Protein chains: 2
Amino acid sequence: MRTSELFDLLRDGRPRTRSELARATGLARSSVTAHVDALARLGYVAPVGDAASTGGRPASLFALNPRARLVAGVDVGATHILVELADLAGAALATARTDLDVAEGPEAVLGWVVETVRALVAQQGVDAGELVALGIGLPGPVEHASGMPISPPIMPGWHRFDVAGHLRERLGCAVLVDNDVNIMALGEQRTAWPEVDDLVLVKVATGIGAGIISGGRLQRGAQGTAGDLGHVRVPGSEAECRCGNLGCLEAVAAGPAIAAALREHGLEVAGTGDVVALARAGSPEAVRALRQAGRDLGEVLATLVNLVNPSVIVVGGRLAGAGEELLAGISEVVYRRSLPLATEHLRIAASTTQADAAVRGAVALAIEHALSPDVLDAEARELAIASA
Amino acid sequence: MRTSELFDLLRDGRPRTRSELARATGLARSSVTAHVDALARLGYVAPVGDAASTGGRPASLFALNPRARLVAGVDVGATHILVELADLAGAALATARTDLDVAEGPEAVLGWVVETVRALVAQQGVDAGELVALGIGLPGPVEHASGMPISPPIMPGWHRFDVAGHLRERLGCAVLVDNDVNIMALGEQRTAWPEVDDLVLVKVATGIGAGIISGGRLQRGAQGTAGDLGHVRVPGSEAECRCGNLGCLEAVAAGPAIAAALREHGLEVAGTGDVVALARAGSPEAVRALRQAGRDLGEVLATLVNLVNPSVIVVGGRLAGAGEELLAGISEVVYRRSLPLATEHLRIAASTTQADAAVRGAVALAIEHALSPDVLDAEARELAIASA
DNA sequence: CAACTTTCGTCGGATGCTCGACAGAAGTGA
DNA sequence: TCACTTCTGTCGAGCATCCGACGAAAGTTG
């Protein structure tokens with residue numbers, strides 16, 4: 001039995017007595033004591049008072065100590081950056097954001113991230129060493145294993161830039177890099193659908209993308225480009241796309257495409273934001289356009305449902321905040337076009353976390369690493385050696 | 001260090017000396033001896049002669065003993081059943097097949113399987129207890145965890161039939177049940193692409209389906225229906241499908257659809273077999289039809305490439321044996337329609353194993369279970385207790 | 001054939017994890 | 001207040017695993 005196995009029981013934050021843990025692990029109470037002591041000395045676990053007496057001396061309760069370490073989550077968008085400091089339970093301690101264009105390049109963007117993270121940590125009044133892991137999402141294809149963006153279309157100067165190494169060197173903590181839609185999917189799953197193992201998050205904004213969690217794991221594919229919905233062909237569409245092909249989903253259902261369609265109706269619509277505003281105001285044209293975008297999305301998602309067979313599709317991104325129409329259009333087509341067996345238990349829902357999803361996912365990625373069995377058992381071993 | 005960890009080093013079949021194993025594991029040579037002895041007593045490992053002397057007593061070599069146990073693989077098709085007995089290296093020891101319709105129902109089909117497996121094992125002259133695991137693929141959606149088919153369209157009477165339990169009870173071995181296309185994908189990956197972690201197998205025959213291996217794991221989805229390509233909509237097609245929808249891939253690119261198209265050209269084509277025969281004979285109509293089927297498949301596979309980002313697509317099924325045209329049509333469209341980044345290192349190849357792929361995958365599934373750390377360490381522990 | 005080299009098989013001791021026992025602490029109930 | 005209950009902390013014993021050492025075995029070299 002490893003110390004980390006016992007810790008896994010306490011990860012949920014619920015306080016437990018030693019006897020409970022002994023029953024759950026099959027160990028003797030004295031062995032549980034040894035493991036709990038080790039975890040307590042590392043700080044990961046702390047006593048939280050006594051349980052109610054059952055007629056004798058009350059048992060003392062132990063629970064995850066969220067403040068044992070700090071982690072950070074970073075969401076780098078096309079034109080903004082969001083940083084969040086969180087504890088090990090995922091509770092946000094401090095946030096910061098700025099409007100910085102990702103096209104400014106890695107040095108500028110990551111420079112701001114480093115400064116901001118350092119400032120937020122200092123502001124918590126703790127040592128910089130308390131920060132043990134940082135998760136970061138970037139708006140483009142990322143090779144997760146190496147922590148580098150690969151030929152990202154909207155990130156000039158980032159190709160094969162060693163993001164993980166750059167941040168690790170300056171912040172002295174583990175760094176996990178992933179695609180921004182992937183971390184949104186992770187964030188949604190962890191906050192809103194914890195019991196779901198097969199979830200797809202679709203982000204609909206200036207671009208369109210999907211994060212796929214299957215069998216409880218993020219699917220990244222061979223080059224880290226899995227889930228790229230934007231340039232999938234929509235049956236029946238011949239719209240020209242900036243990628244050079246015809247009929248791409250982005251060319252009909254993304255923010256700019258909808259805006260262009262509304263302009264043809266004589267409406268004054270500059271970009272995605274105006275589309276959302278119009279729809280919220282109840283403009284019939286905007287509502288109709290969103291419904292149609294939903295149907296086009298539905299055509300592609302119907303394919304995705306057949307291929308991936310998720311149990312939940314979450315729709316996020318700025319356009320998801322424009323009302324029910326987009327979701328209604330999606331549902332209409334998906335339930336008609338996908339296999340009955342695959343849609344039988346399928347739920348389609350709007351994102352609840354929205355703007356936070358990405359940064360929550362980045363935090364989740366960081367916590368996952370910080371509390372991984374490898375890291376934990378290594379620390380426990382070090383402690384044993386030091387105290388001998 | 002578990003005994004199974006050391007065994008993992010020997011799984012590839014290459015003979016090794018104790019010193020080599022000691023270096024690889026970091027253990028002392030005497031500790032390696034203890035583990036190797038345990039494995040040898042269980043039969044999984046056996047001495048295979050001596051290494052060349054380096055100036056002193058030659059070191060003795062140990063290697064996986066494939067004959068330590070037997071496994072079985074079963075491929076249940078729509079109208080045939082294939083059974084293969086194999087050793088732990090995956091080498092076939094005996095095979096049997098019959099033409100039995102899966103619609104005859106589970107009792108008839110599984111009855112034949114049980115009889116045949118028993119006969120093959122007896123024919124090997126070994127005890128029935130030597131058979132430790134059986135993998136079986138069924139032509140429909142399967143809930144892998146419970147080992148039951150779920151609403152399979154072409155398997156009346158199989159819905160929620162406890163295939164795993166039925167076989168386990170009668171054969172006394174572990175039973176792994178999966179979809180037939182999934183096990184084909186596993187078979188292809190294990191035999192032809194062992195180093196590839198992201199592989200998609202497309203089966204094109206009477207129906208069309210895909211088995212998706214991503215991150216080294218079979219993707220089954222929430223209900224076990226992942227990879228269902230057959231009823232994905234093909235852009236530009238309005239063909240009526242037996243499922244009730246319009247434009248399904250099966251309605252244009254599967255065997256029956258191609259046969260129907262050729263009949264319209266006045267050719268005498270009854271079914272899939274005739275299509276293959278015509279194409280092989282060089283009929284221009286058949287060749288053209290297959291090329292077009294390939295393009296239609298390519299449209300759908302282009303989507304799959306964007307969503308899943310595999311590094312290899314293998315095309316199997318009876319129609320893949322009709323020449324290069326199908327593959328050419330697929331490649332033509334996929335490389336044009338998918339994201340450049342996703343196709344950069346993508347390979348599209350014809351299945352090499354063909355008829356064997358499914359049964360090879362079933363065998364692989366069985367071996368995987370038989371040699372899993374859990375099973376191995378449990379046996380090692382039992383041995384330790386028995387010998388004390 | 002003898003000296004040398006390298007591995008083999010075995011064994012005792014060290015280490016680390018686990019268990020059960022026991023006395024003391026901290027509650028409850030009459 | 002006192003008997004009773006239940007948990008806590010600690011400790012020695014048991015057990016498995018690992019290591020290094022030793023003489024014997026089995027080659028090579030001159």
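Quantities reported herein were computed from a predicted structural model and do not represent experimental measurements. Just so it is clear: chains get the letters A, B, ... in the order the sequence lines come, proteins before strands, and each one is counted from 1.
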Quiz item: When you match B/S19 and B/D37 each to their closest nucleotide on DNA chain C, which lands nearer the 5' end?
Solution: B/S19
Quiz item: Is there a donor on the side chain of B/T33 or the base of C/dG9 sitting less than 3.5 Å from an acceptor on the other?
Solution: no
Quiz item: Considering the options B/L61, B/D50, B/V32, which one meets the side chain to side chain contact (heavy atoms under 4.5 Å, CB included) requirement together with B/T17?
Solution: B/L61
Quiz item: Phosphate oxygens OP1/OP2 of D/dG27: is one of them under 4.0 Å from a side-chain N or O of B/T54?
Solution: no
Practice problem: Would you mind reading off the distance between B/L27 atom CG and D/dT17 atom C1', rounded to a whole angstrom? | Solution: 9 Å
Practice problem: Between B/G56 and A/R2, just flag the one whose closest nucleotide in DNA chain C comes earlier from the 5' side. | Solution: B/G56
Quiz item: Testing B/T95, B/V74, B/I136 for side chain to side chain contact (heavy atoms under 4.5 Å, CB included) with B/V83, which one passes?
Solution: B/V74
Self-check item: Under 4.0 angstrom between A/S31 side-chain N/O and C/dC19 OP1 or OP2
Solution: yes
Exercise. Look at A/S53 and D/dT6 and indicate whether a side-chain polar atom (N or O) is within less than 4.0 Å of OP1 or OP2.
Key: no
Quiz item: What is the distance, rounded to the nearest whole Å, between atom CD1 of A/I385 and atom P of C/dT15?
Solution: 13 Å
Exercise. Check the distance between D/dC7's P and A/L21's CG and give it to me in whole angstrom.
Key: 13 Å
Exercise. Would you mind reading off the distance between A/L61 atom CG and D/dC7 atom P, rounded to a whole angstrom?
Key: 12 Å
Exercise. Check every strand shown and say whether B/T17 touches a base, only sugar-phosphate, or nothing at a heavy-atom separation below 4.0 Å.
Key: nothing
Quiz prompt | Integer-rounded Å distance: D/dA16 C1' and B/D377 CG | solution = 14 Å
Practice problem: Output yes when at least one side-chain N/O atom of B/R18 is less than 4.0 Å from OP1 or OP2 of C/dG9, else no. | Solution: yes
Exercise. Find the distance A/R57:CZ to D/dT5:C1' and express it as a whole number of Å.
Key: 12 Å
Self-check item: A/E5 CD - C/dC17 P separation (whole Å)
Solution: 13 Å
Practice problem: Return yes if some donor-acceptor pair links the side-chain N/O of B/D377 with the main-chain N/O of B/S4 below 3.5 Å, else return no. | Solution: yes
Quiz item: Considering only side-chain heavy atoms of A/A59, which listed nucleotide, D/dC11, D/dT8, C/dC8, is closest?
Solution: D/dT8
Quiz item: For B/H35 and D/dT17, is the shortest distance between a side-chain N/O and OP1 or OP2 below 4.0 Å?
Solution: no
Exercise. Kindly indicate whether the side chain of B/R29 and the base of C/dG9 share any N or O donor-acceptor pair separated by less than 3.5 Å?
Key: yes
Quiz item: Considering residues, nucleotides and ligands other than A/R11, do more than 12 of their heavy atoms fall under 6.0 Å from its CZ?
Solution: yes
Self-check item: B/A226 versus B/G221, closest heavy-atom pair with distance
Solution: CB-N, 3.8 Å
Quiz prompt | Whole-Å distance separating the CG atom of B/L383 from the P atom of D/dA16 | solution = 13 Å
